[in-house]
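Just so it is clear: chains get the letters A, B, ... in the order the sequence lines come, proteins before strands, and each one is counted from 1.
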Amino acid sequence: MEWPILTWIVFLPLLGCLVILLLDKTWHNAIRWTALIATSVDFILTIILFCKFDGSNTDMQFVVGPFPWIESLGVTFSLGVDGIAILLVILTPFLTAIAIASTWTSITEKVKGFMISMLLLQTGMLGVFVATDLFLFYIFWEVMLIPMYFMIGIWGGGRKIYAAVKFVLFTMFGSLLMLLAIIKLYVMTSPDPLLRTTDLMTILNMKITPDLQVWLFLAFALAFAIKVPLFPFHTWLPDAHVEAPTAGSVILAGVLLKMGTYGFLRFCLPLFPDATLQFVPLISILSLIGITYGALISMVQKDVKSLVAYSSVAHLGFVMLGMFALTTQGVTGSILQMINHGIATGALFFLVGVIYERRHTRLISDFGGIAHVMPLYATIFMIVTLASIGLPGTNGFVGEFLILLGTFKANPVYAVIGTAGIVLAAVYMLWMVQRVFFGKCDKEENRKMADMNCREAFIALPIVIMIFWIGIYPKTFIDKIEPSVKKVIETVKSKALAGDEAAFEVYNSSFENAREKGKSE
Amino acid sequence: MGFNWTIIAPEIAVLVTGFVILVSGLFLKKGRNSILTAVSFIGILVALGLTFKSFSLTDVSFQGIVIGDRIAFFFKIIFCLGTLLTIFAASTYVGRELKGLSEFYILVFFATFGMMVMASSTDLITIFLGLEVMSIPLYVLAGIYRKRLRSREASMKYFFLGAFASGFFLYGIALIFGAYGSTNLIEISSRFSFAGGASTFLALAGIALILIGLGFKVAIAPFHMWAPDVYEGAPAPATAFMSAGPKAAGFAALFRIFTVFAPVLNDKFTSILWILCVLTMTWGNVLAISQKNIKRMLAYSSIAHAGYVMIALVVGGKTGFSAAMFYLLVYTIINIGAFAVIILFAGREEKFENISDYAGFGFRYPFAGIALTIFMLALAGIPATAGFVGKYKIFIAALNSGYIWLAVIGVINSLISVWYYIYVVVTMYMKPAEAEHPPAMAFSPTLLVAVLIALILTLQLGIFPESYLKFSDLAGEHVNLITVFQSIFNSM
Amino acid sequence: MVIFAILALISMFAALMVVTRKSALASAIYLILVMCCIAGLFVTLGALFIAALQVIVYAGAIMVLVIFVIMLLNLRKDEFGFDTKTLQKYLGFAFAALILIQAVFITGWAMKDYTDIPEKDISEIVESEGIESIDEYLSAESVAETLFKKFAYPFEVTSVLLLTAIVGALVVSKKRLLEEDEEGEI
Amino acid sequence: MAPVEYYIILSAILFGIGVWGVLKSRNAIVIFMSIELMLNAVNLSIVAFASNIKTVLSQFITAIPPQRIPEVLQTSIASGQVFVLLVMTVAAAEAAVGLAIIISIFRAKDSVNVDNVNIMKW
């Protein structure tokens, strides 16, 4: 049998957890190093995975199982990774390692508990991305809530309890309805209780009536939309982001939100194609509202961290917009944008953490002109900001461009509104940078701030590399994901075609019209 | 249909242990508490062993009054486990607060005997007697901590409402006796095919009264009002005991009776059950939110959990029954585990029983904190704990039979429940500790064993529940009394 | 019929008295009256053995215990007031009335249903089996036989029940624990 | 002999009065006696039902093998009385424990009024 690399990737952090449990709680450095080594090794494993990953193959690769796990409930233990998940699998240990490294001086109390939460969280997130069994997916999906909850609640600041409880309740609300939908799918697999299964492959081959699809889609979509967060469900996000410790924010923005978008792509689209086509306008419009709303509300934020938090709403709106364009470029761009957002926003939170550690404030008005005292910091911040805005040459550009291209093919109006969102993003980000870094350094405290130290610079380095790599040579990544994306879109369309001829016709004609309009313009 | 002693062997073992403690309690002076604990432990272990030994055996005894089917065995295992955990959790408390009162153990064993009788008998009168043998020790156990006035008050309230409920139960039996001329469930179900329309009315009235009577015992919504007071007032070990086994026993009887009478239960009756179920879940969960006393909170939560089991009761049949059995097993383990930690945290004379007292406990007592966290998460039904698998199975049963709205309401309720369970965790870890630090509390060995067993089982049933699930499915196959009886009859 | 009517009226009157008297002692005496009436009704139904038990165990033993307790406690006058909360009073009354009406109607209605069924079937079989009268099944011998043959198990359970009650009562009134009460209560 | 349903209705009335008594009384001993009244009402209905057993069994005559009829008849009729016997035992056991609990409450509060015994909200 092949070496089950995916199993190792998922459970290696858990192993690190066990080692940390054995360490005394006062050995802070040993605990930190153990955690960092565990995630780093995990990261190396994912790089190996990426190198061995066959981009042209659209099936699940490195498949583990399906091993029977809970036979009476038809649950199997089965993991697999395809083009949709591969980048997210790499992103997770990458950002976790960065997050752990960023806590070296900021988390000095209860280090043991923090690191254990961090590693548990990592296992949960990786599990979500590679699980190919609905039950297994759900378990990872929920399990990861608890460490995040503790992270916000114990190491957070200000209104941490409020934020933590709100985070748990919001996420739980969606996911419990998803649980019912999973059970419903499970019950539908077979009339004989013994033959039922929650294996994704079996469920994908199942015919579901369009009426039922709508309900199941809604149940799944609610869970994912809350996580993304799509416009009206976003209220937990600013609270959670602002109150979470730096490392928590990095993970939250970098990986956790992607679980929602990933869920749409992995489950909603291929499982409920008819419903997907029906909901395209609704979700696109919600995404557009999210993009505009996020941008507008970011402008008025006084706190850098909440500004970044609200900008996430806008960015994730882009991801959703591209995905529901249901074109190859759109979906590819949306996957790439997930990674970009993970890197850029994760980096922004980390950088905000850096000055917060020095000044214990994050208010924009408390800073000004710090580019003079912290040149290195200002440079890196600038690069990351530009990546976040989507300047050509940085990763953000590639993602947003692909998304807009794909959306334009499907519906030009959406694309136009989306472009306006990009402009707004440039406005609030650059305005913030201008207020924080440039101008006169007129505050006494700011003059004494030290620039980034070696550790911090070393953390920032891989981020900068990734920003430019994806920005300049995205082919490395796009090659791996595009075939899988095509397959998903084909699945959606062919299944919808088989299931509901009429609905597809409507969609298809609008699709064609849009394409022609695009050509004529 | 001879005289098979094997099927009542666990009952005999439990009873004999009770007698042994009764007699030895008179002679023991020094170190009595540890000896009593050891004797109880051995006794319950023997009972558990005897139960396991007779799992493959299906038989009736005493002229068809006692049945040893897999349902009975499954419930006996729940009771044995509940009693085992209670004894370990209670031992230190009994030694410290009750001066090693041997009667505590005696009453626990007699109550366990009563539960076993309830789960394994097919005769309504015998079920009633089992109910009384179970209840009377509970009335006394609720009031056993005499120094606390609240404990006595709990005892009185429990007694009055319990006796009141017994009256209803009894009247229900009388009506069923009037309708079918027998109190034996096997006999009654064999007479069903000839019932015609004549006496269904009497039977329905009888079942409704039985539902009221047992509804009091398992704390179903409009009949739940005793639970919060009794849970709060009773000493913590007694609360732990009464929240687990008796609830399971009550549901065992309810399920047995309801499955036998399934042919006469019309849609209207099912919809009444449906409403009661929703009421129970919602009432329990909503009121639990505002509770300050942790025992009281768990009382409301136990009402809510009764509501979840009611979902399975509404579904009925094999799937419903096996889901309910598994859920009751899970609930017993988690709940007693949670109470074991509460016994530790309560300290001397149960000083700390408000949730707000727990501020900072999470870091002061790391292991106990983690244990209580896991129990709370399990009660809330978070995955990777036993509570999740239990709820999952119940929701499968509901969706399988098309009770979609029931499942949706159940899910929304479990969201509400997350709120108050998480609040305990919030208090333990995220609120600043009180200025006045409580005296250091340490796990006594027995308490540690109780928490560990419960913890391991909670995680095991959450991650590798397969064998237990299979076990409950096997037990669920015996849901139809008459077919079981016929198979026994034919095999002879 | 006449006997039934008299006993029924007395028992209903006495039952009302039990729950409405202000003095617990009076209630207890009325309860004994109810029990005696019920014993009389048992006689009219032919259940002589159980009628005797009713008088001896219930009216005799249990009620004596109750009266003993009432005497022992020597309750003050204010103990006998019963209606403190008006709302609760009416709610209780409404609930009880509901149950009463329901019980009467349901049982009355259901019973009416099956009195229409002819008795011939069973009577024929009974005669063919050579049983002249089923009255002998009401005798003490018959009860004993059933109790010890068919209902041996519940009978054994009853013994445990009584033992439990003894232990329970003992715990509730144990002297050793009582003495600590003086030290102060929580 | 009066028709059986009269007995049943009488027993239902007595039961209802007992329920009312439990719900309205504030005196623990009266509540206790009301419960006893309920149990007595049940006893009456059981014995009445048992005397009616022939009618009931005729409904199920086909369900019972003919040779078992006398045995079933005897068991059914006698089991009514056995039932009552067992209920009396239960009543006695409840009386023992219940009265002990009442005395214990009285010693603490010098009252058996359930409203006075209400530290916790009911």
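Summarising the geometry of C:K150 relative to B:N184, their closest heavy-atom pair is NZ-ND2, 4.1 Å, with the distance given to 0.1 Å. For the residue pair C:T164 and B:P137, the shortest heavy atom distance occurs at CG2-CG, 3.2 Å. In plain terms, the two heavy atoms of B:I136 and C:A165 that are nearest each other are CG2-CA, 4.2 Å. In this structure, C:P154 and B:T126 approach most closely via the heavy-atom pair CG-OG1, 3.6 Å.
The environment of CZ in C:F148 is crowded: more than 12 heavy-atom neighbours from other residues, nucleotides or ligands sit within 6.0 Å. By the neighbour-count criterion of 12 heavy atoms within 6.0 Å, atom CD1 of C:I3 is sparsely surrounded, having that number or fewer from other residues, nucleotides or ligands. Heavy atoms from other residues, nucleotides or ligands lying under 6.0 Å from CZ of C:F155 number 12 at most.
When side chains are defined from C-beta on, B:L15 does not count as touching C:E156, because their heavy atoms never get closer than 4.5 Å.
Residue C:F151 holds its CZ atom at 4.5 Å from CD1 of B:I125, rounded to the nearest 0.5 Å. In this structure, the separation between OH on C:Y153 and CG on B:D123 is 11.0 Å, given to the nearest 0.5 Å. Atom CG of residue B:L129 and atom CG of residue C:L161 lie 6.5 Å apart, to the nearest 0.5 angstrom.
Residue B:V133 forms a side-chain contact (heavy atoms from CB on, under 4.5 Å) with just one option from C:T158, C:L162, C:V157, and that option is C:V157.
With a 4.5 angstrom heavy-atom cutoff, B:L22 touches chain C only via side-chain atoms. Only the side chain of B:F19 comes within less than 4.5 Å of a heavy atom of chain C; its backbone N, CA, C and O stay farther away. Using a 4.5 Å cut-off between heavy atoms, B:F113 contacts chain C through its side chain alone, with no backbone atom that close.
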